[in-house]
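What you see below is based on every heavy atom in this structure, not just the backbone, and it leaves out hydrogens, waters and symmetry mates. Both ligands and their constituent atoms are indexed starting at 1 by order of listing. In this chain, numbering begins with 1 at the start of the sequence shown.
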Amino acid sequence: MINVTRSFMPPIEEYEEYIKEIWSSRYLTNEGPLLQRLQNDLKEYLGLDYINMVTNGTIALQLALRALDIEEGEIITTPFTFVATTTSIIWEKFKPIFVDIDKDTLCIDVNKIEEAITKKTKAIMAVHVFGYPCDVDKVQEIANKYGLKVIYDGAHAFGSKYKGKSLLSYGDISTCSFHATKLYHTIEGGACISNNKEVYKKIESLKNFGSTEGKYENIGINAKMSEFNAAMGLSNLKYINNIIEERKKISQLYDKLLKGKVKRPKFLEEVEYNYIYYPIILKDEVGTIEIIRKLNANDINPRRYFYPSLNKLNYIENKIDCPISEDISKRILCLPLYNGLTKEDIFKISEIIIERVRENRNV
Ligand SMILES: *Cc1c(COP(=O)(O)O)cnc(C)c1O
């Protein structure tokens with residue numbers, strides 16, 4: 001069985017070394033020594049001033065919405081993402097306002113943001129979907145003009161750089177997910193990243209029951225990452241360059257085999273890409289479903305990432321059309337991409353796709 005992704009596992013002995021440290025310290029959670037070490041190592045690896053590790057990427061988005069001193073109102077966001085981006089907005093009692101995506105980068109179309117801004121708009125929550133950068137300069141320019149906050153859901157952005165800086169360093173807050181299926185993981189986990197010390201302090205308090213130096217000054221929640229998760233993060237971080245390098249080779253082989261046969265998203269210039277996903281865009285939904293069926297028959301499971309376009313969810317009250325997102329989400333697939341995927345597998349997957357594409361002129 002070949003799935004769209006497979007969790008990276010570090011050598012078990014290296015994980016065990018950290019676990020032994022936990023056994024002797026008896027420090028299991030609550031900002032323990034391994035978590036501190038991980039935060040420092042990540043700051044160094046990503047070139048950041050501050051990072052708050054939390055329990056997952058969804059709570060990171062919710063904390064971001066809480067930490068910026070904005071209250072009720074509208075949040076401009078993208079419909080082409082994982083459902084957690086939208087639900088975190090609704091969970092925090094804001095109203096998501098969908099703006100369609102750019103057909104090449106698949107990120108929010110910055111030329112359509114301004115027309116969606118009203119008196120109730122509080123923030124822009126954009127997503128660096130598949131690790132492709134949003135037009136962060138333009139988003140910031142609009143935010144400055146209208147006095148809006150900027151939050152990036154950077155769940156896919158770990159390891160991607162834009163203009164020489166980690167993609168996670170943009171916006172008022174960027175969040176990340178370290179879920180087991182992501183490029184870099186802590187089993188379950190996430191982070192809030194901000195260049196602003198006040199925001200960092202606020203999130204530190206919010207994730208720990210609202211406690212600040214022993215006083216309960218904010219209404220908080222429990223989003224602390226345990227030492228066991230931090231141990232996995234430390235074990236995996238050692239391999240991050242190999243992880244990205246191997247995925248790059250796999251992606252380049254797909255590129256070579258599928259060249260001219262399928263459409264691919266394009267990203268902005270000045271990007272160092274992390275190779276987290278390998279999306280292909282096909283001609284239509286019928287052909288896409290046929291390719292999935294054929295791959296499934298060969299024990300290969302690509303994913304319809306992201307389907308459906310989130311503006312189409314039943315619980316969304318304000319129905320806003322996003323034709324580009326709706327169209328692309330019907331005919332996009334993420335191909336298997338993970339460390340350990342063999343050349344034979346890549347050839348087999350590509351062959352099945354090319355055969356179908358030829359039959360259906362499915363480009
Ligand atoms: C995975 C993901 C999340 C949620 O992260 P969890 O750690 O699973 O809670 C949020 N946004 C996007 C775009 C994601 O892919």
Side-chain angles (χ1 to χ4, degrees), residues 3-8 38 42 51-66 75-92 94 96 98-99 101 105-108 123-134 150-160 167-168 170-171 173-193 203 207 221-226 228-230 232-233 236 247 265 274-279 302-311 313 325 328-329 332-334 337-338:
N3 287 322
V4 68
T5 190
R6 189 178 77 169
S7 297
F8 179 82
L38 179 60
L42 286 173
I51 185 167
N52 282 119
M53 300 301 279
V54 296
T55 39
N56 60 65
T58 306
I59 200 88
L61 288 166
Q62 292 172 215
L63 287 167
L65 286 163
R66 293 256 172 168
I75 310 279
I76 289 180
T77 189
T78 168
F80 189 74
T81 173
F82 184 56
V83 70
T85 317
T86 299
T87 52
S88 64
I89 293 172
I90 302 173
W91 194 271
E92 292 300 333
F94 291 94
F98 294 105
V99 166
I101 55 170
T105 66
L106 312 183
C107 294
I108 196 164
I124 300 168
M125 188 189 275
V127 180
H128 302 298
V129 74
F130 302 138
Y132 305 149
C134 298
V150 178
I151 299 169
Y152 286 110
D153 179 345
H156 306 167
F158 190 92
S160 269
L167 200 43
L168 295 168
Y170 294 91
I173 301 183
S174 281
T175 65
C176 198
S177 165
F178 304 129
H179 183 257
T181 56
K182 302 294 204 272
L183 177 84
Y184 165 77
H185 77 87
T186 60
I187 310 171
E188 289 270 3
C192 289
I193 291 135
I203 293 170
K207 75 173 182 183
I221 196 164
N222 179 0
K224 292 178 272 97
M225 177 178 274
S226 84
F228 292 80
N229 297 98
M232 185 58 100
N236 285 340
R247 298 172 83 105
N274 64 0
Y275 301 92
I276 184 171
Y277 294 109
Y278 196 90
R303 274 288 286 277
R304 297 192 78 185
Y305 261 161
F306 287 99
Y307 176 83
S309 183
L310 299 177
N311 56 313
L313 291 173
S325 172
I328 289 179
S329 53
I332 191 164
L333 283 186
C334 280
L337 173 55
Y338 53 79

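Taking the ring centroids of Tyr277 and Tyr305, they lie under the 6.0 Å cut-off.
Annotation: side-chain hydrogen bond (donor to acceptor under 3.5 Å, both in side chains) contacts of Asn236 (sequence neighbours excluded): His185. Scored by the side-chain contact (heavy atoms from CB on, under 4.5 Å) test, Val4 finds Arg303, Cys334 as partners (sequence neighbours excluded). Listed by chain and number, the residues in a side-chain hydrogen bond (donor to acceptor under 3.5 Å, both in side chains) with Arg66 are Glu92 (sequence neighbours excluded).
Classification of the Phe82-Phe306 ring pair by plane angle, with boundaries at 30° and 60°, yields tilted.
The protein residues lying under 4.0 angstrom from ligand 1, judged by non-hydrogen atoms, are Asn56, Gly57, Thr58, Thr81, Phe82, Ala84, Thr85, Asp153, Ala155, His156, Ser177, His179, Lys182, Gly189.
A side-chain N or O of Ser309 and one of Ser325 form a donor-acceptor pair less than 3.5 Å apart.
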